[in-house]
There are 2 protein chains.
Amino acid sequence: MLTIGEFSQLTHLSVRTLRRYHDAGLLEPATVDRTTGYRYYTPEQIPAAQVVHRLRELDVPLADVQRILHSPDAATRAGLVADHLQRLERELDRTRAAVVSLRRLLRPEPAPLDVELRVLPATTVAAIEGDVTHDEVLGWYSGAMAELDAVVGEPTGSPGGLYDNSLFTEGRGHVLVYRPATMPPTTGRVRPVTLPAVELAVTTHAGEHDDIDVTYGQLGTWVVANTLAVAGPVRETYLVGPRDTPDRSAWRTEIGWPVFHVTRAEGSPLPGGTDV
Amino acid sequence: MLTIGEFSQLTHLSVRTLRRYHDAGLLEPATVDRTTGYRYYTPEQIPAAQVVHRLRELDVPLADVQRILHSPDAATRAGLVADHLQRLERELDRTRAAVVSLRRLLRPEPAPLDVELRVLPATTVAAIEGDVTHDEVLGWYSGAMAELDAVVGEPTGSPGGLYDNSLFTEGRGHVLVYRPATMPPTTGRVRPVTLPAVELAVTTHAGEHDDIDVTYGQLGTWVVANTLAVAGPVRETYLVGPRDTPDRSAWRTEIGWPVFHVTRAEGSPLPGGTDV
DNA sequence: GATGCTGCCTCCCCCTGGGGGAGAGTCCAG
DNA sequence: CTGGACTCTCCCCCAGGGGGAGGCAGCATC
């Protein structure tokens, strides 16, 4: 039997952390003295403690560590671990994207943006809608677009999506993806939807989407500078996307922000540089 | 002037988060109405907000974001950002190491370990000591060993280090690195130090140090199983290290845990497998 | 047996970077 | 001028710890 201090030295987990893991229900001491409350561990617990240590180094939440430790067979454990490695992979992608985008942001001066004000009539399209989180949206989009492709068939124009602002600001929101279609069917999740007429401030983002919200910001600046206000979900149209070319730098995404005209008292500041 | 909600839509930062950034002193609204407390932003603040967004995506602490935003010149900013990218790099290394090690831990059965009990006399060596954190220790080691090499010259035996257990459990502690030397000089940080005589439980770890604490755990199990207790800082001896070969799989590290004999009432459990 | 050190116990507050929600005040369009 | 949307502040919550207080427990030494 080992005291908590000895066990700490053997496992490289701090005494505090061991106590926390006890409270959390993973890594229970082999014995706890009823009267003194002293925790006692056995050497057989060392490997388990090391597994916990590793999983925590990988930022696996304690609850999931618990699940992994308590799962009955090795296959389940391996699966859970694989899930987390995949999650780390995604996180890494996100980090890479942020680095790319940060470099662009810190570059001296952004290229000025071509923005066009465009009035769109109401259009009926084949669409799939759903409420998703920011994490899910990429996967959800792929699935929905695959289903649309299966139903709509022939290319009929660029696909697009409508994204609630809350998706970006709160991390979840309503999303609609569509493909233009003359006679939109009702199959599976696909429904005919009439997109309302809007006035859009439109610009085009070139390349992959790592730093697309830099373009969003520039568009926003333009919108404000032209005494407009934002109204409703943003519309993205995928002029050139992964379905067209694997060369991500060739992608072209049209961003359209529904706007309406406002009258503002103060002079609208010019869009311009920043001190960052 | 933009209300917080409009600014939120334009920057993809949630209203709550914008308020927090205000409180934290980064991203102050251009105007705050004295009587109502309403925050008002200008479009010029959008790029700054985006930089903050990116930096936060890279897990840069708010305080450091503040420093980056408020640093006077672009070079300083670039330097701070580079520091963080380097930190991310290190983090990534750590994650990679944890993955490697986790795989080894989850492998069916660990190879049994050769452990030897060895009595060491007191030895005088050329040493550098310091208090470091777990994050710093690798860099610190390189610097210290380079200085030792410069002072000691000719190879005189394997270099080594003494590491306080608190370095591993609490994340910081006292460290001593040394090279054997017949007449240890006193130059720069180098001092002659007499390592006390100890009885060591010694084993050898093969390969890089990614999963060295698995070996630590096995050694610990052996120590306990042989009615010994741990006393004092662990000693590592680098029999084959980066100075000898770039082939990491050829590295050999001797781990020596100072022990003393105890008498324990209960039968010592055998070291064995785990259910993980 | 007393003393005193070290180790262990619990409990509370702190940190980071947010989210949820309450209750009250404000803005603006109809 | 009224209603709804927006905004304000304030408090509590989360993970996964750390710092430190105050009080027993174990054990070697005197």
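Numbered from 1 within each chain, the chains take letters A, B, ... in sequence-line order. Below, each value reflects all heavy atoms present in this structure, side chains not excepted, and no hydrogens, waters or symmetry copies. This is a predicted model, so every value here is computed, not measured.
- Between A:Thr3 and the phosphate of D:dG26, there is no side-chain N or O to OP1/OP2 separation shorter than 4.0 Å.
- In this structure, B:Thr17 does not reach the C:dG17 phosphate: none of its side-chain N or O atoms is under 4.0 Å from OP1 or OP2.
- Taking 4.0 Å as the cut-off between side-chain N and carboxylate O, B:Asp93 and B:Arg90 do not count as a salt-bridged pair.
- Between B:Tyr21 and the phosphate of C:dG18, there is a side-chain N or O to OP1/OP2 separation shorter than 4.0 Å.
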Q. Under the ring pair (Phe, Tyr, Trp, His ring centres under 6.0 Å) criterion, do B:Phe7 and B:Tyr40 qualify, and how do the steps go?
A. CA-CA 8 Å; B:Phe7 196 66; B:Tyr40 295 98; over 10 Å; no
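- With hydrogens and angles disregarded, no donor-acceptor distance shorter than 3.5 Å links the side chain of B:Glu170 to the backbone of A:Ser14.
- One N or O on the side chain of A:Thr95 and one on the backbone of A:Glu91 form a donor-acceptor pair closer than 3.5 Å.
- Contact annotation: B:Arg16 does not reach the phosphate of C:dG20 (side-chain N/O to OP1 or OP2, under 4.0 Å).
- A donor-acceptor pair under 3.5 Å is absent between the side-chain atoms of B:Ser8 and the main chain of B:Ile4, judged by distance alone.
- Distances shorter than 4.0 Å separate none of the side-chain N or O atoms of B:Ser8 from OP1 or OP2 on D:dT7.
- Per the geometry, CG belonging to A:Asn165 stands 15 Å off C1' belonging to D:dC6, to the nearest Å.
- Summary of the strand contacts: B:Thr169 and B:Gly5 both lie near DNA chain D, and taking for each the nucleotide with the nearest heavy atom, the more 5' one is attributed to B:Gly5.
- Going from atom CZ of A:Phe7 over to atom P of C:dG7 covers 18 Å, rounded to whole Å.
- When the P atom of C:dT16 is taken as reference, atom CG of B:Asp59 falls 15 Å away, rounded to whole Å.
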Q | Footprint string (nucleotides 23-30 of chain C, 5' to 3'): B base within contact, S backbone only, - free, heavy atoms under 4.0 Å | A | --BBS---
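- The number of heavy atoms from other shown groups lying within 6.0 Å of CZ (B:Arg94) is above 12.
- Rounded to an integer number of Å, the gap from B:Leu18 CG to C:dG18 C1' is 13 Å.
- Side-chain N/O atoms of A:Arg19 and base N/O atoms of D:dG17 include no donor-acceptor pair closer than 3.5 Å.
- Between the P atom of D:dG26 and the CD1 atom of A:Ile4 lies a distance of 15 Å, rounded to the nearest Å.
- No side-chain donor-acceptor contact under 3.5 Å links A:Arg172 and A:His134.
- One can place CZ of B:Phe260 at 12 Å from C1' of D:dA28, the figure rounded to the nearest angstrom.
- Here the P atom of nucleotide C:dC9 and the OH atom of A:Tyr41 are 8 Å apart, to the nearest Å.
- Side chain of B:Arg20, nearest nucleotide from C:dG17, D:dG18, C:dG20: C:dG17.
- Of the side-chain N and O atoms in B:Arg39, one or more sit less than 4.0 angstrom from OP1 or OP2 of D:dC8.
- What separates CE of A:Met1 from C1' of C:dC8 is a distance of 16 Å, to the nearest Å.
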